2 protein chains.
Amino acid sequence: MGLVVQKYGGSSVADAEGIKRVAKRVVEAKKNGHQVVVVVSAMGDTTDELIDLAQEVSPIPSGREFDMLLTAGERISMALLAMAIKNLGHEAQSFTGSQAGVITDSVHNKARIIDVTPGRIKSSVDEGNIAIVAGFQGVSQDKKDITTLGRGGSDTTAVALAAALDAEVCEIYTDVDGVFTADPRVVKKARKIDWISFEDMLELASSGSKVLLHRCVEYARRYNIPIHVRSSFSGLQGTWVSNEPQGDQPMEQAIISGVAHDTSEAKVTVVGVPDKPGEAARIFRAIADSEVNIDMVVQNVSAASTGLTDISFTLPKAEGRKAVAALEKTRAAVGFESLRYDDQIAKISLVGAGMKTNPGVTATFFEALSNAGVNIELISTSEIRISVVTRADDVNEAVRAVHTAFGLDTESDEAVVYGGTGR
Amino acid sequence: MGLVVQKYGGSSVADAEGIKRVAKRVVEAKKNGHQVVVVVSAMGDTTDELIDLAQEVSPIPSGREFDMLLTAGERISMALLAMAIKNLGHEAQSFTGSQAGVITDSVHNKARIIDVTPGRIKSSVDEGNIAIVAGFQGVSQDKKDITTLGRGGSDTTAVALAAALDAEVCEIYTDVDGVFTADPRVVKKARKIDWISFEDMLELASSGSKVLLHRCVEYARRYNIPIHVRSSFSGLQGTWVSNEPQGDQPMEQAIISGVAHDTSEAKVTVVGVPDKPGEAARIFRAIADSEVNIDMVVQNVSAASTGLTDISFTLPKAEGRKAVAALEKTRAAVGFESLRYDDQIAKISLVGAGMKTNPGVTATFFEALSNAGVNIELISTSEIRISVVTRADDVNEAVRAVHTAFGLDTESDEAVVYGGTGR
């Protein structure tokens, strides 16, 4: 039995009862013979309460001090969890991100991990303790200041520690049973995925699935750390994310992992761009300089009669205003006709390995949307993903139609397997 | 202008408004040309809330984890204070006890400071920042674990930093205007003391005055750091505690500093102890082994007819049960007759330098009590203190009588000065 890293989110440790429940589960893993390292988030609403306090004393809380403040949240939950474990008769020690050796860059509020030196954690578990580590936080390499890792920080802490400690698995405990073939709130017949590859999980994460964040999956893939996403409320097996497939499915068949959707984006269309070299570059340089991240990009075929083309892209709604302002400034230089901004869109993505070599997948996808009466506005594809942009109003119907068309609904025993004759 | 250390207690930073008020005061000192280091306690009730949480998950919270938990409180207040100061346009950085170089032993929940290495604080203030330091906490020298300093820990942090940074003064901000000649809730005419020596302050602190704790004054005396105790709510000068007297009073005159009282103690009398060598030692060894701290000890003259004597001592009420149990076990070996336990007592102490060489002081003290009809049960004296034990019911009257007899009431322009012809 090797070492396991378990991560519990804020909803799992929201109150004393939750902490005691988590303590029992941690002790169970220890009793099963594992060395156990636990990463915890702050209790329930603690972080929001601290943010409120910060805004009462300062309208623009500063990076360094804001991090110092927020990290108090994990300090509370990890100390309480250690106490609760000791109360069950097992030894536990809690460690701050700094003590656990989570070394980051100096970008406060969204630091990136640059090294993990888990000497103290290693010693602690070798001495027989359960080690509890504060998620979401680290210490900057140059200034030795406390930093926080930003969104998904605790999951990333867990995976990074698992990599540094050569753990068997990183278990991410959450309030759902795992990763599903679609959002169960939209698709009642969505099915829990037993296993998914890192690559498919990355595509799902960047296509709107919220169970695991892209950043943490990316880290796990790089260091080949299997992730097991599961519920802290049930004892069920959840979803394994790893390199090695489970079961007997031939590798060259297209396995559809799931359908993701995302309504957080908006679409910008730059209308009437002169179709000559350098214009697109000028447009996207302006966007990049305003530090806006864009997602899908589509350029229509130029109309021969006018020599003009349209360029569309999607981006987070929150950054729409910034992007439009940046583009307006380039209008004279680029010479485009107008800008259209549309935040009533949705993105629907189908993710699965080997999709491109299986032409039937794309056809089935578009047929399903067409039969459901859903109009497609943009299309973008990768090796293992097809995404379309539709009207926001159509999103639920579109997701359900695609989910059913690919046999992902729970009535069928297995997902539909395409191809196998692709090459 | 040199460096000042300011310490603000939990009542001064109880909420966002309090933190903003403290920020203004800190900035004022900075504007006056000082380098400023600020030590803060946890906000108002934070510590109590954390203790409640701990007791929900574990009936006996453990030392190491309890410290990890409690130190979250100062982390919150110090980060908020730094933000509030920045919001006033000044640079501030907060530091944990560990970052500030507060090195302690490994006794969790009541660690003692063994070294202060304030390199980061020094650099921070040299760069023009206001440095905010978490009070009450440090890091253990051997294990690098987070520790807390126990009661009065934040005051001690402030004095220790002031010593290590060679500060001009350590300002202790509190919710009263300074140290008074008696508890103003008991003696309406009590007067704020402008200056008091370390020695007198130590005696007042161990006699029941609660404004400064013995531990912090002891530390300040050892490193000769002047303390200025003052209100964070008013701009008034408070009480200076230092080696050098203020004003023109001759050193050899007995200056009465004040009257302290303490109703937190109980009295134990061991009745009928055989008056032979070793019996008292046996009794106090038993007490010491049960880790009870005792205060006053009085042995009556042995009655020649019986060869038996009584031994009385006072101790904190909270430890009464433990002491009595320890003594009962020695009854056979010592052969005493019975034990009396009395928790309806009060201790009244008069503190002032040069008291012993001025016989009039003791006489005046006893006369005042006698005139007020207060019976004296035990007496104990030191170079600069007389303490008596009376009935708890008599305490207010006794304190007022003594305060008046020594001319400490505010009507008189000056404290009564005794002697001057003593030698």
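Throughout, protein chains are lettered first and strands after them, A, B, ... in sequence-line order, and every chain is numbered starting at 1. What you see is a predicted model, and the numbers here were worked out from it, not measured in a lab.
Both the backbone and the side chain of T71(B) have a heavy atom closer than 4.5 Å to some heavy atom of chain A. Q99(A) touches chain B through its side chain: at least one heavy atom from C-beta onward sits under 4.5 Å away, while N, CA, C and O do not. Using a 4.5 Å cut-off between heavy atoms, I76(A) touches chain B through backbone and side chain atoms alike. With a 4.5 Å cut-off on non-hydrogen atoms, A23(A) does not touch chain B at all. With a threshold of 4.5 angstrom between heavy atoms, T96(A) approaches chain B through its backbone and through its side chain. Contacts between E17(B) and chain A at a heavy-atom distance below 4.5 Å are absent for every atom of the residue. If you measure heavy-atom distances from I19(B) to chain A, the contacts under 4.5 Å come from the side chain alone.
No side-chain donor-acceptor contact under 3.5 Å links E65(B) to the backbone of L80(A).
Inspection of non-hydrogen atoms places K143(B), K144(B), D145(B), I146(B) of residues 132-171 of chain B under 4.5 Å from chain A.
The nearest pair of heavy atoms linking A54(A) to M83(B) is CB-SD, 3.7 Å. Closest heavy-atom contact between A16(B) and E56(A): CB-OE1, 3.2 Å. Contact detail for F95(B) and R64(A): the closest heavy-atom pair is CE2-NH2, 3.6 Å.
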